[in-house]
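To start, the structure under review is shown below, and the notes come after it.
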Amino acid sequence: PYNPAKAKQLLAQAGYTNGFTLPVLSTQGFELDQILQAVSGYWAKIGVTVQDQIQPVSDWEDLLISNKYPAAIFPFAGIPPYTALDQSFGSSSPLDPFHTTNAALDSALSQAAVATSASTMAPSVASAQATLIDQAWYAGVGYDAVIWFYNPKVVTGIQMQEGGEAVPHFYNWKVPS
């Protein structure tokens, strides 16, 4: 839950009583600069000043893995939860140029990797997410510019893909005959 007082308290406990400035790699592609601008207002209330480092999309991907920025804004859409977590925070992730590791996270991701279904994977994914949140590795931001409408008289059989994607994929749809 949103709790600026608790966030300030945690920052003070971490030695940031007066807050800090955080350069964040961003780009105008994917509307990431706009999303970061919206989030920056919340962070400012707890003493974190965001320096939006807007770079061209053509340079952004290389800079993302360059180890030049302590933070970056990154989009995920339609990626299964395990894949998103492993590609971003796994021990061999190119998105972790600082090579940060955590035994609990590595264990949860290893267990998720061998799961045989989304339902058996879910506890490991939840454990990985809890570790990332407890360790403050990232600040998740929900954003969905996709709104789906359909007429059940025209399209039938709509089903959601299993996996809990941020932007769901529909399958098995068809026009009634």
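Excluded from the calculations below are hydrogen atoms, water molecules and symmetry mates; all remaining heavy atoms, backbone and side chain alike, are included.
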Would you find a donor on one side and an acceptor on the other, under 3.5 Å apart, between the side chain of Ser88 and the backbone of Leu85? no
Distance col, row Phe89:CZ vs Gln129:CD, nearest 0.5 angstrom, shows 10.0 Å
Please round to the nearest 0.5 Å and tell me the distance separating atom CE of Met121 and atom CG of Leu109. 10.5 Å
Around atom CD of Gln9, are there more than 12 heavy atoms from other residues, nucleotides or ligands closer than 6.0 Å? yes
Taking all non-hydrogen atoms of both residues into account, name the closest pair between Lys45 and Lys8 and its distance. O-CE, 2.9 Å
Determine whether a donor-acceptor pair (N or O, by modelled atom type, separation under 3.5 Å) exists between the side chain of Thr49 and the backbone of Thr21. no
Under a single-linkage rule joining Ile, Leu, Val, Met, Phe, Trp and Tyr whose side-chain heavy atoms are separated by less than 4.5 Å, which residues share a cluster with Val57? none
Filter on ring-ring contact (aromatic ring centres under 6.0 Å, His included), then keep only pairs touching residues 7-27, sequence neighbours left out; what's left? Tyr16-Phe20
With Asp52 via side chain to side chain donor-acceptor pair (under 3.5 Å) - residues at least two apart: Ser26
Are Val24 and Tyr42 connected in a single hydrophobic cluster, I mean Ile/Leu/Val/Met/Phe/Trp/Tyr linked by side-chain heavy atoms less than 4.5 Å apart? no
Spacing of CG belonging to Leu36 relative to CD belonging to Gln51, to within rounding of 0.5 Å: 11.5 Å
Any donor-acceptor N or O pair under 3.5 Å, side chains Ser107, Ser110: no
Quick one: do Ile54 and Val50 end up in the same hydrophobic cluster if we chain Ile, Leu, Val, Met, Phe, Trp and Tyr together by side-chain heavy atoms under 4.5 Å apart? no
Across all chains, not counting sequence neighbours, the side chain to side chain donor-acceptor pair (under 3.5 Å) partners of Thr27 are none
What's the spacing between Gln111 CD and Thr120 OG1 if we round to 0.5 Å? 11.0 Å
Does Glu61 CD have over 12 foreign heavy atoms under 6.0 Å away? no
Considering all heavy atoms of both residues, which atom of Ala128 and which atom of Ala108 are nearest to each other, and what is their separation? N-CB, 3.7 Å
Using the side chain to side chain donor-acceptor pair (under 3.5 Å) criterion, which residues pair with Thr101? Sequence neighbours excluded. none
Spell out, yes or no, whether Trp43 and Leu10 are grouped together once hydrophobic residues are joined by side-chain heavy atoms under 4.5 Å, including indirect joins. no
Linking I/L/V/M/F/W/Y whenever any side-chain heavy atoms sit under 4.5 Å apart, do Leu32 and Leu63 land together? yes
Qualifying ring-ring contact (aromatic ring centres under 6.0 Å, His included) pairs, either residue in residues 44-69, two or more places apart: Phe30-Trp60, Trp60-Phe74
Looking only at atom types and distance, does a side-chain atom of Ser93 sit under 3.5 Å from a main-chain N or O of Gln87, one as donor and one as acceptor? yes
Got a second to check how far Gln34's CD is from Ile73's CD1, nearest 0.5 Å? 10.5 Å
As an exercise, state the distance from CG of Asp62 to NZ of Lys68, rounded to the nearest 0.5 Å. 9.5 Å
4.5 Å side-chain heavy-atom contact, Ile46 and Leu11: yes
